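Just so you know, residue 1 is the first one in the sequence shown, and it goes up from there. In listed order, ligands and their atoms are each counted from 1. Since the structure is predicted, the reported quantities are computational estimates derived from the model, not experimental observations. As a basis for the values below, the full set of heavy atoms in this structure was taken, side chains included, without hydrogen atoms, waters or symmetry mates.
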Amino acid sequence: MSVNDKLLKTRFLVDSGTPHIKVDHSVCAECRDEPCLVICPVECYKKEQQKVTFSWENCVECGSCRVVCSKGAVSWDYPRGGFGVCFRFG
Ligand code: SF4
Ligand code: SF4
């Protein structure tokens with residue numbers, strides 16, 4: 001089973017308006033290597049009009065972006081209880 005197939009078996013309960021990850025885009029503006037763009041398995045990070053954008057709703061809580069961002073732009077936490085991703089659903 002491919003990674004994408006496995007990811008399709010996840011389910012999300014989004015805690016609307018309460019992002020569990022926050023990104024300081026002023027730091028991103030100075031970032032040259034942008035590893036978050038390739039490490040996130042669900043493409044929460046994208047580059048649009050020469051800027052790195054972030055959307056947290058599909059996050060599978062792997063923590064990779066926090067590890068690879070050496071500049072401290074990522075403030076990462078788990079979602080509140082009952083929210084977030086459910087693995088192996090369906
Ligand atoms: S690695 Fe960190 S600083 Fe660089 S673009 Fe990604 S989140 Fe921003
Ligand atoms: S924690 Fe993982 S899935 Fe969530 S935004 Fe970071 S890299 Fe992507």
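- Contact detail for Trp76 and Cys62: the closest heavy-atom pair is CZ2-N, 4.5 Å.
- Within the 4.0 Å heavy-atom criterion, the part of Tyr45 lying near ligand 2 is the side chain and not the backbone.
- Here Ile39 contributes atom CD1 and Cys69 contributes atom SG; the two are 12.0 Å apart, rounded to the nearest 0.5 Å.
- Within a 6.0 Å sphere centred on CZ of Phe83, other residues, nucleotides and ligands contribute more than 12 heavy atoms.
- Near Cys40, with a cut-off below 4.0 Å to any heavy atom, the atoms of ligand 2 are 3 (S), 5 (S), 7 (S), 8 (Fe).
- If you check which protein heavy atom lies closest to atom 6 (Fe) of ligand 1, you get Cys36 SG, 2.3 Å.
- Nearest protein heavy-atom neighbour of atom 8 (Fe) of ligand 1: Cys28 SG, 2.3 Å.
- With 2.8 Å as the limit, Cys62 does not count as an N, O or S neighbour of atom 8 (Fe) of ligand 2.
- With values rounded to the nearest 0.5 angstrom, Glu61 atom CD is found 5.0 Å from His20 atom NE2.
- Nearest heavy atom pair, residue Glu57 against residue Val14, reads O-CG2, 3.7 Å.
- Contact atoms of ligand 1 toward Pro35: 1 (S) (distance under 4.0 Å to a heavy atom of the residue).
- Under a cut-off of 6.0 angstrom, the local environment of NZ in Lys47 is crowded, with over 12 non-hydrogen atoms contributed by other residues, nucleotides or ligands.
- Remark: ligand 2 atoms within the under-4.0 Å shell around heavy atoms of Phe54 are 5 (S).
- Of the inter-residue distances, the one linking Phe54 atom CZ with Leu37 atom CG reads 12.0 Å to the nearest 0.5 angstrom.
- Summary of contacts: the protein heavy atom closest to atom 4 (Fe) of ligand 1 is Cys31 SG, 2.4 Å.
- Counting atoms of ligand 2 from 1 in the listed order, those under 4.0 Å from a heavy atom of Cys65 are 1 (S), 5 (S), 6 (Fe), 7 (S).
- When hydrogens are left out, the protein atom nearest atom 3 (S) of ligand 2 is Val60 N, 3.4 Å; that is the closest non-hydrogen contact.
- Residue Lys46 qualifies as open at atom NZ: its count of foreign heavy atoms under 6.0 Å is 12 or below.
- Annotation for ligand 2: atoms under 4.0 Å from non-hydrogen atoms of Gly63 are 1 (S), 2 (Fe).
- Surrounding CD of Glu43 are at most 12 heavy atoms belonging to other residues, nucleotides or ligands under 6.0 Å away.
- Residue Cys69 does not count as close to atom 4 (Fe) of ligand 1, with no N, O or S atom under 2.8 Å.
- Taking 4.0 Å as the cut-off, Val42 counts as a neighbour of ligand 2 on heavy-atom distance.
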